[in-house]
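Source: prediction; values computed, not measured. Numbers restart at 1 for each chain; the letters A, B, ... are given by sequence-line order, proteins then strands.
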Protein chains: 2
Amino acid sequence: MSGKSLNVIELAKLAHTSKSTVSRVLRNEPDVSPKTRARVQRLIRKYDYHPSLFGRGLTGASTGLIGVLGRWMESGFAAEVLRGIVAEVERRGGHLLCSFAPNIDDYVSMWRKFAAGGQVDGAILIAPANEIFAHSVKPGDRPVVLCACKPPDEKRGWGKIGSVTIDNRTAMNDVVDHLVGAGCRRLVHLSGAPDILDAQERRRFFMKAAARHRGVKADVVQGAWTRELAYTIALEYINTHGGPPDAFVAFNDSVALGVLEALQARGIPVPGKVAVTGWDDILFASYAGLTTIHLPMIRMGEEAARLLYEQLDDPRRKVGRPVLLKMPLKVRSTSGRPRK
Amino acid sequence: MSGKSLNVIELAKLAHTSKSTVSRVLRNEPDVSPKTRARVQRLIRKYDYHPSLFGRGLTGASTGLIGVLGRWMESGFAAEVLRGIVAEVERRGGHLLCSFAPNIDDYVSMWRKFAAGGQVDGAILIAPANEIFAHSVKPGDRPVVLCACKPPDEKRGWGKIGSVTIDNRTAMNDVVDHLVGAGCRRLVHLSGAPDILDAQERRRFFMKAAARHRGVKADVVQGAWTRELAYTIALEYINTHGGPPDAFVAFNDSVALGVLEALQARGIPVPGKVAVTGWDDILFASYAGLTTIHLPMIRMGEEAARLLYEQLDDPRRKVGRPVLLKMPLKVRSTSGRPRK
DNA sequence: CTGAAAGCGCTTACAG
DNA sequence: CTGAAAGCGCTTACAG
């Protein structure tokens, strides 16, 4: 081997052929004689040769690089979705180019960088803030898939962008029906932060779900956005209303945890006196016996990657499709029939 | 703008200068007149221009790309470490090129690809299997940092590789001293899978820590590697020994969870009759009041990235350094003084 | 301080 | 089925 690292030219010399032919073998093109192909492949394996990402990328050819853009990894949500993406991308022999931008302007800039091409084959945007829809999708954009986010309308080219979202409506119906079936009549929803789409949806679907039942009273309480806030606000609610409602429907498991702690502090039995439900199904939920909605974070990542590959595999397909994932209700012990 | 995407040549034309000068401005080189620099920078901002990763990479210049190689994301461990890496890399304006290889041969192949250059500036290897040390580090390798893994010796060039590991010895001493201080005399360690370095270390340090105390009996039980297995094995232990020991020291929180469930199933009070400790400090630990060792996964990622940048910032520095992270003991309610 | 030229390692038409 | 040539977008000496 010469001093420089192995490249198509060196490989061509060793195989007594041209770099064009080596390139053809590399990309599994059909028009190569079996003998030549075998000779080149043997050398590729012998030297564990991998074509340069940069050389290939510069020509505009596919690099197997999939862009992943997230707001941040704090939540654990992005990390779980990433696991799903990894599973699918790894299966295809691809690589992930990950960027994270908490700030929406940076996020948009990175999205544009991915979409403009010359970097990744396609990209997955994890939970972008809604401000992104004020920007336009360009006709020549690389395929992009939205994860945990859905374009609000067809405008600005967003109509042809694929997306993976969760079916909050059906899940919330399941929660409410289950609670009503268990005898609960006064339901209180501790909603999530108002700038989160899921929070808006769950809040709306909670009211709608309850309205389908006669004699059921539904209320929404804002501000309980974390475990700590939920603890305080649950106590406050109980003090103000002279006791708990029949059920607290928490925006997520952390909020439910805060509620459970508040109820425990006041010696109010769950589910004896009040039912509590969560959302997400994090590890502690199963430990605490929390009835909750299972959020399939890993599957969201997998589906997003599959959606992206659908478009990558068929370049004529210019339009992505929306995928709506069902979320199963996990009935555990915090939602038994109240004894009053 | 012409049809093709903006590049150094277009930018040079617009700025009435040459692509060499544009390149100098891009890389913040000193030898550019203030006027020219300002003119170029204005255009860069105006068009939100980002130099091509591929063009830059092909010349061998730094791309800001940091390679991350993991065995898999299943554990959640890699995901948390990744969060730390992201925090640090994002701060430096870099990007992550992530690959995951459950199989050791693939892992080694990817490591070599990163190390050979022409792809990333440097790489972080998360928890590689020990078989990797059978391979040699080459003199011209790009900087690499080991995370949650330490070279067993100086051989094959591994002596100059930086690493981030956790101080299992001190942490295990803390656990054992705490339990003995609480009155426990018979300690049982439910160890982790034998091919995990941390499992080997904790097992060994558990025995050593106990041996420092007179009258303390320490045992190791194998096979309890998951919550489910721990449940079964804890029950089995109790049946065989006519009751629990004074303390179960679990390899991690999931194992501790299995133990707690087994004790609950048998109606054995914790900490009244037996103490239980975990390791990792996952969310459920604080909920369950589990006394545990806090594993700073995010910090491990941050430290690994910092270590890597130390070498990247100073190319003369050919040798990385080892970092040993302390793990605080979180005393909660599962380790109170046993009442016997 | 500036610019022209070479070259990084590939792929892509094109000609045979 | 094969190869010579051009070119992707940068950076790096080199000459001025």
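Each of A/R56 and B/G55 lies near DNA chain C, and the nucleotide nearest B/G55 is the one positioned closer to the 5' end.
Look at NZ on B/K13: it is 13 Å from P on D/dC10, rounded to the nearest Å. Taking atom CD on A/Q119 and atom C1' on D/dC8, their separation rounds to 15 Å, with Å as the unit. Rounded to whole angstrom, the span from the CG atom of B/L11 across to the P atom of D/dG9 amounts to 13 Å. Atom CG in B/N7 sits about 5 Å away from atom P in D/dG9, given to the nearest Å. Straight-line distance from the CG atom of A/L58 to the P atom of C/dG9: 12 Å, rounded to whole Å. Distance NE2 (A/H16) to P (D/dG3): 12 Å, rounded to an integer number of Å. The CG atom of B/L6 sits 14 Å away from the P atom of D/dC8 (whole-angstrom rounding). Rounded to whole angstrom, the span from the CZ atom of A/F54 across to the C1' atom of C/dG7 amounts to 16 Å.
Comparing C/dG3, D/dG9, C/dG9 against the side chain of B/T21 picks out C/dG3 as the nearest. Looking at the side chain of B/T17, the nearest of the listed nucleotides D/dT2, C/dG3, C/dC10 is C/dG3. The side chain of B/S18 lies closest to C/dA4 when the candidates are D/dG9, C/dA4, C/dC10.
With a 6.0 Å cutoff to the six-membered ring centre and a 45° limit on the axis angle, B/R71 does not count as a cation-pi contact of B/Y107. At least one test fails for B/R142 against the ring of B/F114: distance under 6.0 Å to the centre or angle within 45° of the axis.
None of B/R83, B/R306, B/R299 except one satisfies the salt bridge (Lys or Arg N to Asp or Glu O under 4.0 Å) rule with B/E88; the exception is B/R306.
For the pair A/V68 and A/I126, the minimum side-chain heavy-atom distance is below 4.5 Å. No side-chain heavy atom of B/T59 sits less than 4.5 Å from a side-chain heavy atom of A/F54.
Contact check, A/Y49 against C/dG9: no side-chain N or O comes under 4.0 Å of OP1 or OP2. Residue B/S33 has a polar side-chain atom (N or O) positioned under 4.0 Å from OP1 or OP2 of C/dT2.
In the model, B/S23 has no side-chain atom that pairs as donor or acceptor with a side-chain atom of B/S20 under 3.5 Å.
Checked by atom type and distance alone, the side chain of A/W111 never pairs as donor or acceptor with a backbone atom of A/I132 at under 3.5 Å. For the pair A/R39 (side chain) and A/A15 (backbone), a donor-acceptor distance under 3.5 Å is present. A distance-only check finds a donor-acceptor pair linking the side chain of B/D121 to the backbone of B/G64 [under 3.5 Å].
Stem regions annotated for DNA chain D: C:1-3 with D:14-16, C:5-12 with D:5-12, C:14-16 with D:1-3, counting only runs of 3 or more consecutive pairs of Watson-Crick or G-U type with both contacts under 3.5 Å.
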Atom pairs, N/O to N/O, protein against nucleotides 12-16 of chain C, distance under 3.5 Å?
from	atom 1	to	atom 2	distance (Å)
C/dT12	OP2	A/R27	NH1	3.1

